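Each remark here refers to the structure printed beneath this line.
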Amino acid sequence: MVPESKQEAEANEKLDVMRHSTAHVMAEAVLSMFPDAKFGIGPTIENGFYYDFDLPRTLTPDDLPVIEEKMREIVAADTPFVREEMTKAEARKLFAGQPYKLELIDELPEEMVTIYRQGAFTDMCRGPHVGSTGEIGAFKLISIAGAYWRGSEKNPMLQRIYGTAFNTQREIEEYLQYQEALKERDHRKIGKDLDLFVFSDLVGKGLPILTEKGSIIRRELERFVVDEEIKRGYKHIYTPDLAKVELYKTSGHYPYYKDTMYPVMKIDEEELILRPMTCPHHYQYYASQPRSYRELPFRIAELAKQFRYEKSGELLGLMRVRMFCLADSHIICQKEQTINELHQVIDLIEHVASVFGFEHGKEYRYRLSLGDRKDEEKYYKDDEAWDYAEAVLRDVLIQRKTSYFEAENEAAFYGPKIDIQMKNIAGREDTAFTVQYDFVSPKRFGLTYIDSDGQEKEPIVIHRSSIGAIERTMAFLIEHYAGAFPVWLAPVQVMVIPVSDRHLDYANKIGAELKKDGVRADVDSRSERMNLKIRQAQLDKVPCMLVVGDREVENGTVSVRLRGGGQLPAEPFGRFSKAIKKTITERARELVTLDS
RNA sequence: GCCAGCGUAGCUCAGUGGUAGAGCAGCGGUUUCGUAAACCGCCGGUCGACAGUUCGAAUCUGUCCGCUGGCUCCA
């Protein structure tokens, strides 16, 4: 998101053209292997390209080097890319045996289409392309995947080949090495290495078990958010994870969520479901008594477990699960209070993000998620309310002078939202936090308040999550810190390491004192060498190691080794203890700062 | 859910038709050591599950379960 210079922009554009041409060369290679191949589309993507094919047999990874070899021959032959224009009628004749291309031709608004030929391969394509196949740089085919034609599961599934291309072989190697390095940050790998969470086939997929260490992190996050919200005027409550299905029919969620809800449980003439959302429970709390305008904004918050059926192929570690805990809230307010409330919500989210060290424009970006007036299946019908709500959210973002992007067809059924989008290590973007404007629920539930003029009026609801779904936020944090958590989140904050067994008493005394003060300190009392203990504490990413030997016992000091490898001179224990406690309460990201 | 690949000890992995191996971890011992791996020994697996082919299956086939990469979907 750093603005690129003119030269960079030109170089990137050139690279993009070359990648697109590489996709065409791959298509030619595939055509030579399968003369009956039907072609889908073959665009460029970040770092490479893909092409979708309908082939007489499924591809295996062994096919990739064969295709690559064929591609190299095409590049070596240095055949020119030839551009041609023709009428749609002519194009239909040319692509008579290509049903997918015919479909695309039919949908083009222009009368003329452009085609590119190179060697035996002809494709309908806007271009541009490199002059000839010899201009193609270094490339490598990466993987095979299934992909529905035009992205709809109702369409046939095509075979997609992903490839990467750069100007030089060296850049490819660097890129591949970088990809390998990213795998080391994958929260699933770190979760296993640091023993943060596990899965059991018997418990079920998408249902993580947090270990003791993982649970410490979660508890810290929960304490942090609950305290912060209570400070900011939220009422923190508990509501049941189950509800009668009628609740969700009343709320209007049922038709939109029935595919993602778990089946109804019938018991004693009642029909219960595991809740996919918390909102209707919160409305029932609000509606339990008549409300005055003096009580608004009425901010209800809960760490709410929610249950959603996600297709098995969509599950991803802690990032995508079937039961998650959302730091959820519903703010019921007067229409004229919404803008101020929205600012306060975003202030809270930005505060949380800054404590985590997530930077706007780097780790996250704002997405204004809009509805689609024409899609009455997916969105509640009320054009005027949509226009108003979208304008309010847009104004809030503009008032904050923050950059954002707009996305059509990403809203909730009850209104537009501002989503805080974060990228995971694999480059996939997900919603971390969300703020939603809801003009539907108050009507559905008959939520009202008595205004100062004694009239009964309809409020607005703002749905929001402050630290998002805790599982997902943990996943983002694990990847963000690569497992090296700031002290307040670290499962073990201090590891006391005696140099030899005779220093154990002193080590235990220090450990006990830290624990008494609420510091998560462990003593590595095994009969092992100090070097091994240091190594293990390093691998476990323990922020502070206190090495204690003869010198420390004698002087009542500790020798502080920091996770980064940095080492502080021997410190009086009291001074270290004070410093670490300060680091923890402040939720600082520095490991320890010793006052002079 | 769909397409493809994968599943061997707690972890990382070797073993491709003749009946299972390494390193680390764990356990027992020796060592008592100053900032990222001391040494010796031991234990550990119905090779994801179930069916089939075969004289014989970790290895071949089928079904199921799980994981990985995509597609679709989403906090």
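Sequence lines set the chain letters: A, B, ... in the order given, protein chains first and strands last, and positions in each chain run from 1. On a predicted model such as this, the values are computed, not experimentally measured, just so you know.
Residue contacts shown for Leu539(A) include a base, since a base heavy atom lies under 4.0 Å away. Among the heavy atoms of the strands, none lies under 4.0 Å from Phe476(A).
Comparing rC27(B) with rC13(B), their C1' atoms are spaced 23 Å from each other, to the whole Å. Across the C1' atoms, rA57(B) and rA51(B) are found 13 Å apart, a figure rounded to whole Å. For rG44(B) and rG21(B), the C1' atoms lie 13 Å apart once the distance is rounded to whole Å. Across rA58(B) and rC47(B), the matching C1' atoms stand 4 Å from one another, rounded to whole Å. Only the P atoms considered, rU12(B) is 35 Å distant from rU53(B), to the nearest whole Å. Taking the C1' atoms as reference points, rG17(B) lies 44 Å from rA38(B), given to the whole Å. Nucleotides rC55(B) and rG45(B) have their C1' atoms positioned 26 Å apart, rounded to a whole Å. For the C1' atoms, the distance from rA20(B) to rC33(B) is 39 Å, rounded to whole Å.
Ala484(A) and Lys541(A) get closest at one heavy-atom pair: N-CD, 3.9 Å.
Side-chain atoms of His330(A) never come within 3.5 Å of backbone atoms of Tyr283(A) as a donor-acceptor pair (strictly under, hydrogens ignored). In this structure, Tyr248(A) contributes its side chain and Met277(A) its backbone to a donor-acceptor pair below 3.5 Å. Glu552(A) contributes no side-chain N or O that, together with a main-chain N or O of Thr557(A), makes up a donor-acceptor pair within less than 3.5 Å.
A cation-pi arrangement is present between Arg19(A) and Phe166(A) under the rule of less than 6.0 angstrom and at most 45 degrees off the ring axis. Cation-pi geometry between Arg160(A) and Tyr50(A) is satisfied (NZ or CZ under 6.0 Å from the ring centre, within 45° of the ring normal).
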* To do: List the steps and the verdict of salt bridge (Lys or Arg N to Asp or Glu O under 4.0 Å) for Arg320(A) and Glu471(A).
  => CA-CA 8 Å; Arg320(A) 234 4 225 299; Glu471(A) 290 79 357; over 6 Å; no
* List the steps, then state whether side chain to side chain donor-acceptor pair (under 3.5 Å) holds for Asn47(A) with Thr164(A). => CA-CA 6 Å; Asn47(A) 300 315; Thr164(A) 183; 6.0 Å; no
* Residues Ser527(A), Asp501(A); criterion side chain to side chain donor-acceptor pair (under 3.5 Å); working and verdict -> CA-CA 7 Å; Ser527(A) 227; Asp501(A) 285 354; 3.2 Å; yes
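Under the Watson-Crick or G-U wobble criterion, with both distances below 3.5 Å, rC64(B) is paired with rG48(B). In this structure, rC73(B) makes no Watson-Crick or G-U wobble pair, since no nucleotide meets both defining distances under 3.5 angstrom. The partner of rG23(B) is rC11(B), by the rule that a Watson-Crick or G-U pair needs both atom distances under 3.5 Å. Partner assigned to rG34(B) is none, using Watson-Crick or G-U wobble distances below 3.5 angstrom. Nucleotide rG18(B) has rC55(B) as its partner under the Watson-Crick or G-U criteria, with both atom distances under 3.5 Å.
Using a cutoff of 4.0 Å between basic side-chain nitrogens and carboxylate oxygens, Asp430(A) and Arg472(A) are scored as salt-bridged. Using a 4.0 Å cut-off between charged side-chain N and carboxylate O, Lys509(A) and Asp505(A) make no salt bridge. In this structure, Glu229(A) pairs ionically with Arg464(A), as a charged nitrogen and a carboxylate oxygen lie closer than 4.0 Å. Using a 4.0 Å cut-off between charged nitrogen and carboxylate oxygen, Arg150(A) and Glu107(A) count as a salt-bridge pair. Ion pairing of Asp550(A) with Arg502(A) is present here, as a side-chain N (NZ or NE/NH1/NH2) and a carboxylate O approach within less than 4.0 Å. Salt-bridge check for Asp419(A) with Arg367(A): passed, with a basic side-chain N closer than 4.0 Å to an acidic carboxylate O. Between Arg275(A) and Asp241(A), at least one side-chain N (NZ, or NE/NH1/NH2) sits under 4.0 Å from a carboxylate O, which counts as a salt bridge. In summary, Glu554(A) and Arg551(A) do not engage in a salt bridge, as defined by a charged side-chain N under 4.0 Å from a carboxylate O.
Nearest-nucleotide mapping onto RNA chain B: of Leu59(A) and Lys205(A), the residue sitting toward the 5' end is Leu59(A).
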* **Contact state string [nucleotides 23-32 of chain B, B base, S sugar-phosphate only, - no protein heavy atom under 4.0 Å]** => --------BB
* Structure fact -> Readout for nucleotides 40-48 of chain B: B = base within 4.0 Å of protein heavy atom, S = sugar-phosphate only, - = neither; 5' to 3' it is ---------
* To do: Quick one, give me the B/S/- string for nucleotides 6-15 of chain B, reading 5' to 3', where B means a protein heavy atom under 4.0 Å from the base and S means that only happens at the primed atoms, P, OP1 or OP2.
  => ------S---
* Structure fact -> Contact string for nucleotides 69-75 of chain B, one letter per nucleotide 5' to 3', B = base within protein heavy-atom range under 4.0 Å, S = sugar-phosphate only, - = neither, reads BBBBBBB
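Applying a 4.0 Å cut-off to non-hydrogen atoms, the residues of residues 548-557 of chain A that approach RNA chain B are Gly549(A), Asp550(A), Arg551(A), Glu552(A), listed by residue number.
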Heteroatom pairs (N/O) under 3.5 angstrom, protein to nucleotides 58-64 of chain B:
none

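Ring-plane geometry between Phe224(A) and His351(A) is classed as tilted, the angle between the planes lying from 30 to 60 degrees on a 0 to 90 degree scale. The aromatic rings of Tyr366(A) and Tyr364(A) sit perpendicular to each other, their planes meeting at more than 60°, with 30° as the lower class boundary.
At whole-Å resolution of the value, NZ in Lys533(A) and C1' in rA36(B) are 15 Å apart.
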